[in-house]
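Position 1 is the first residue of the sequence; numbering continues from there. This one's a predicted model, so the numbers in the text were calculated from it and none came from an experiment.
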Amino acid sequence: MATGDFKRAVLVTGGAGFIGSHLVRRLVKNYPDTLVVNLDLLTYAGNLENLRDVENAPNYRFAKADICDAKQVNALFEQFKFEGVFHLAAESHVDRSISDPMAFVKTNVLGTGVLLNAYRAYRADGGKFYQISTDEVFGSLTDEGFFTETTAYDPRSPYSASKASADHLVRAYHHTYHLPVVISNCSNNYGSHQFPEKLIPLMINNIKHEKSLPVYGAGINVRDWLWVDDHVAAIDLIYHQGKTGETYAIGGGNEWRNIDLVHFLCDEADAQLQRTIGASRKLVTFVQDRAGHDHRYAIDASKLQKELGWKPSVTFEEGLRLTIKWYLENSDWLNHITTGNYQEYYKKHYS
Ligand code: NAD
Ligand code: DAU
């Protein structure tokens with residue numbers, strides 16, 4: 001095993017993305033005896049600037065590779081004999097899945113199959129294959145009810161259908177080949193380092209530049225928001241203490257209509273930018289709705305709370321204030337993305 005001084009090696013796929021970079025940071029800092037290998041293709045969504053603070057840590061390695069490429073993936077598994085895999089690499093944006101569904105079928109379904117085969121062939125004992133999934137596999141709720149671990153799958157976008165297919169593959173490999181797996185389905189994450197195509201960073205960036213704020217349909221769709229560091233804390237807990245073969249639903253219990261959230265972002269950003277409160281609300285523009293737009297997501301996370309003692313650490317309002325502050329203070333990070341410069345970081349620092 002090429003883990004040198006380390007007790008074990010774990011693989012994080014998609015570690016240069018939003019949630020993956022928060023997870024890599026946590027694992028590198030909290031488990032110094034574990035070698036954390038970040039496999040990422042650096043698609044438009046991958047940004048190594050997200051990991052500046054840990055890139056020189058002794059227990060961190062980066063590998064630029066494609067999860068769909070069995071040769072690349074197998075070579076990494078042969079080299080490191082990973083004990084565990086945290087699988088986050090994916091095409092993750094619903095709007096892109098509507099315009100280019102096959103990219104989602106390829107990465108999210110085929111890529112997961114390639115990783116499962118490699119894990120089956122080369123893994124070291126003691127860990128788990130952890131599939132980081134989404135609540136969108138359960139479909140859309142009316143104004144009543146919650147998703148739980150036993151809710152039937154009913155995906156309605158190419159993105160959620162591809163994630164559902166991947167989840168099915170993971171369960172099939174558990175039942176057929178007895179692979180130790182675990183799956184969690186999480187609600188909408190927010191926080192620092194999220195690619196500014198997703199609702200919250202997009203709106204903050206547009207407010208900052210006084211550009212229009214595109215709200216889909218009537219803005220009455222509901223999402224259940226979770227602070228990204230609370231999600232990665234749950235992943236850490238589930239990987240180490242969760243039961244093999246089980247599923248865990250993760251959610252913040254923060255249901256907000258999109259329009260109310262956008263108004264909150266406007267008023268709080270106005271306050272932080274010392275503008276007249278209410279000025280940014282004038283930028284809201286109602287635009288054509290997303291095709292097949294799911295009405296509501298809401299998670300009942302009581303299994304995770306009762307069995308593993310997890311609970312969110314910040315209120316939504318508190319987390320949003322910190323998130324707005326981060327994007328306003330890190331304009332270089334945002335500008336590098338909007339100008340495309342962030343893709344130069346790999347060339348400059350790694351090749
Ligand atoms: P993201 O789009 O920010 O990051 C995805 C990462 O995967 C990027 O770094 C990208 O370069 C990498 N990647 C894409 N294709 C790849 C390939 N073929 N090979 C290797 N790397 C590849 O995504 P995110 O929002 O951080 O989501 C991470 C995971 O969590 C996804 O699986 C997503 O389905 C799931 N999830 C996200 C949320 C959310 O609110 N963002 C909620 C629940 C679950
Ligand atoms: O529920 C978990 C999912 O949350 C994850 O699996 C996905 O990877 C993640 O992208 C997110 O999906 P959503 O589609 O809910 O997130 P998004 O930020 O794209 O949109 C949030 C809501 O805001 C949704 O109802 C659509 C709406 N919206 C979005 C954008 C980008 C707008 O009204 N205007 C916009 O410009």
Side-chain angles (χ1 to χ4, degrees), residues 1-17 19-21 23-24 26-28 31-43 46 48 51 54-55 57-91 105-133 162-163 165-184 235-236 238-240 242 244-245 346 350-351:
M1 180 170 14
T3 49
D5 296 335
F6 302 101
K7 280 199 179 142
R8 65 187 70 79
V10 297
L11 178 69
V12 178
T13 70
I19 303 171
S21 62
L23 178 65
V24 165
R26 183 183 178 98
L27 296 176
V28 166
Y31 300 96
D33 59 355
T34 299
L35 180 67
V36 179
V37 178
N38 171 15
L39 181 173
D40 199 298
L41 183 58
L42 300 181
T43 67
L48 286 176
L51 289 164
V54 292
E55 68 187 3
N59 64 331
Y60 172 72
R61 301 276 187 285
F62 174 67
K64 186 171 190 291
D66 183 348
I67 56 165
C68 300
D69 183 332
K71 242 176 147 181
Q72 290 183 339
V73 169
N74 289 346
L76 273 179
F77 271 83
E78 269 195 281
Q79 185 182 353
F80 292 106
K81 299 280 186 299
F82 297 112
E83 189 178 289
V85 175
F86 297 85
H87 176 34
L88 294 96
E91 289 293 337
V105 174
K106 182 166 181 251
T107 298
N108 299 358
V109 187
L110 176 68
T112 304
V114 167
L115 286 166
L116 285 165
N117 284 339
Y119 190 61
R120 190 179 162 219
Y122 302 107
R123 77 191 164 92
D125 285 339
K128 295 184 178 90
F129 184 103
Y130 189 149
Q131 160 77 352
I132 283 76
S133 190
S162 67
K163 290 294 291 187
S165 308
D167 293 4
H168 289 323
L169 270 179
V170 171
R171 288 199 180 89
Y173 273 60
H174 172 63
H175 290 292
T176 310
Y177 306 116
H178 310 294
L179 281 194
V181 308
V182 71
I183 300 180
S184 59
I235 292 173
D236 185 350
I238 291 168
Y239 179 81
H240 289 99
T244 298
Y346 171 72
Y350 287 82
S351 52

Using 0.5 Å steps for rounding, measure from the [atom1] atom of [X] to the [atom2] atom of [Y].
{"X": "K163", "Y": "N108", "atom1": "NZ", "atom2": "CG", "value": "6.0 Å"}
{"X": "D66", "Y": "T13", "atom1": "CG", "atom2": "OG1", "value": "11.0 Å"}
{"X": "N59", "Y": "D5", "atom1": "CG", "atom2": "CG", "value": "11.0 Å"}
{"X": "L88", "Y": "L23", "atom1": "CG", "atom2": "CG", "value": "6.0 Å"}

Which pairs would a plain distance check flag for residues 174-184, meaning a side-chain donor or acceptor within less than 3.5 Å of a matching protein atom at least two apart in sequence or in another chain?
| from | atom 1 | to | atom 2 | distance (Å) |
| --- | --- | --- | --- | --- |
| H174 | ND1 | L179 | O | 2.8 |
| T176 | OG1 | A172 | O | 2.8 |
| S184 | OG | Y130 | OH | 2.7 |

Checking [X] now: which residues fulfil side chain to side chain donor-acceptor pair (under 3.5 Å) with it, not counting sequence neighbours?
{"X": "Q131", "answer": "D167"}
{"X": "N38", "answer": "Y60"}
{"X": "T34", "answer": "R8"}
{"X": "Y119", "answer": "none"}

Going by the rule side-chain contact (heavy atoms from CB on, under 4.5 Å), which residues pair with [X] if we only count those two or more places apart in sequence or in a different chain?
{"X": "N117", "result": "Y173"}
{"X": "A75", "result": "none"}
{"X": "L42", "result": "A16, D40, L48, F62, K64, Y346"}

Would you mind listing every salt bridge (Lys or Arg N to Asp or Glu O under 4.0 Å) that reaches into residues 110-124, with sequence neighbours excluded?
R123-D125
Going by the rule ring pair (Phe, Tyr, Trp, His ring centres under 6.0 Å), which residues pair with Y31 if we only count those two or more places apart in sequence or in a different chain?
H240
F86 vs I19 side-chain heavy atoms within contact, under 4.5 Å
no
In short, T107 meets I67 closest at the heavy-atom pair O-CD1, 3.5 Å
Among residues at least two apart in sequence or on other chains, which ones pass salt bridge (charged side-chain N to carboxylate O under 4.0 Å, His left out) with R26?
D236
